[in-house]
Amino acid sequence: MAASQQRLFVALWPDAQTREQIAAVQKQVMTRAGLLDGAVAFDNLHLTLLFLGNVASADIARLQNHLSRVASMPFHLMLDRWGQFSKPGILWIGPQQTPAPLQQLHGDVAAACRDVVSVRESRYIPHVTLFRKLQQLPPVDAFEPVAWLVDRFVLVASNTRPQGAQYRVLQEFLF
Ligand code: 2AM
């Protein structure tokens, strides 16, 4: 029987080369700080555009339809700064300056989703989480900025399990 609802989010999903570069930054911290736990799994690395939470399965096709109307030009995104959310021990990398097309895309995705599901307003901080649930945030060094050519976004279903989240890309939306 199909689940009556799914936990969803909209994200930028790194291409293979960008994913490797992000993972290299993650590895650099692990090696230097001797971290054993908390690293986000390689396949799960992503940048959230909008977290939707639980969405009724019956609404997903309509959501996909609305998202397919979101347009953008491809744009460059430079991941060149560290950031942290100290409460859940999150360490991330993100852009020093949010490119205008990314801010626009976030707004357009939110507007498209709002027609179908309720979307909470909060300040958008674009980031790729590298580590979660760290007891102590490790010292971080300068890193080789990751240059990402963004030409699509994805709708993702998240299955939270005790051994970690499992993500499944439901649809890719090319610009
Ligand atoms: P995070 O990387 O900072 O944890 C899937 O859970 C994605 O949605 C993650 O990238 C997560 O961001 C993001 N997200 C945003 N708000 C969330 C929330 N309230 N609960 C869970 N994930 C959230």
Side-chain angles (χ1 to χ4, degrees), residues 3 5-15 18-30 33 35 37-57 59-60 63-64 66-67 70 77-99 102-103 105-114 116-138 140 143 146 148 150 152-173:
Q5 55 180 22
Q6 293 196 58
R7 187 179 161 90
L8 302 182
F9 63 98
V10 182
L12 301 183
W13 210 247
D15 56 88
T18 306
R19 187 175 295 281
E20 290 288 351
Q21 288 174 0
I22 295 171
V25 179
Q26 186 188 44
K27 194 147 188 216
Q28 180 182 316
V29 177
M30 287 175 83
L35 281 181
D37 296 318
V40 171
F42 180 80
D43 290 336
N44 282 0
L45 294 166
H46 68 276
L47 185 148
T48 297
L49 281 171
L50 189 68
F51 177 73
L52 299 173
N54 286 328
V55 175
S57 298
D59 289 335
I60 295 179
L63 183 67
Q64 288 173 297
H66 282 251
L67 284 171
V70 173
L77 175 62
M78 189 68 92
L79 306 176
D80 56 0
R81 65 162 288 204
W82 287 109
Q84 57 188 49
F85 298 141
S86 29
K87 223 168 172 191
I90 286 186
L91 185 63
W92 50 265
I93 55 173
Q96 199 107 240
Q97 297 220 289
T98 302
L102 175 58
Q103 193 66 48
L105 182 60
H106 163 72
D108 290 351
V109 163
C113 292
R114 208 170 279 125
V116 184
V117 296
S118 74
V119 171
R120 258 188 304 135
E121 282 298 335
S122 58
R123 191 160 88 85
Y124 182 50
I125 304 174
H127 64 279
V128 178
T129 297
L130 300 187
F131 297 94
R132 289 185 198 286
K133 297 183 188 164
L134 293 175
Q135 301 291 340
Q136 256 196 322
L137 291 164
V140 289
F143 63 96
V146 177
W148 184 351
V150 178
R152 66 195 67 198
F153 64 92
V154 294
L155 177 65
V156 188
S158 163
N159 180 12
T160 40
R161 309 164 303 166
Q163 65 270 40
Q166 186 180 45
Y167 298 144
R168 189 162 52 92
V169 173
L170 299 182
Q171 191 175 345
E172 199 173 47
F173 301 87

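Whatever order the structure lists ligands and atoms in, that order sets their numbers, starting from 1. Along the sequence shown, residues carry numbers from 1.
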Would you check if the side chain of [X] reaches a backbone N or O of [Y] as a donor-acceptor pair within less than 3.5 Å?
X: D59; Y: V117; result: no
X: H66; Y: C113; result: no
X: S57; Y: A3; result: yes
X: R132; Y: P88; result: no
X: N159; Y: Q166; result: no

Numbered atoms and elements of ligand 1 in range of [X], under 4.0 angstrom, heavy atoms:
X: H127; answer: 1 (P), 2 (O), 3 (O)
X: H46; answer: 7 (C), 9 (C), 10 (O)
X: R7; answer: 20 (N), 21 (C)
X: T129; answer: 1 (P), 2 (O), 3 (O)

Q84 CD to H127 NE2 distance, which is reported to the nearest 0.5 Å: 12.5 Å
Check whether more than 12 heavy atoms from other residues, nucleotides or ligands sit under 6.0 Å from atom CZ of R161, and answer yes or no.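 Atom CZ in R161 is crowded, with more than 12 foreign heavy atoms closer than 6.0 Å.
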Name the closest protein heavy atom to [atom], giving the residue it belongs to and the distance to 0.1 Å.
atom: atom 7 (C) of ligand 1; result: T48 OG1, 3.3 Å
atom: atom 4 (O) of ligand 1; result: R132 NH1, 2.5 Å
atom: atom 8 (O) of ligand 1; result: F51 CD1, 3.2 Å

Strictly under 4.0 Å, does any heavy atom of Y167 approach an atom of ligand 1? yes
Any idea which part of V156 is under 4.0 Å from ligand 1, heavy-atom wise: side chain, backbone, both or neither?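 No part of V156 is near ligand 1 at this cut-off.
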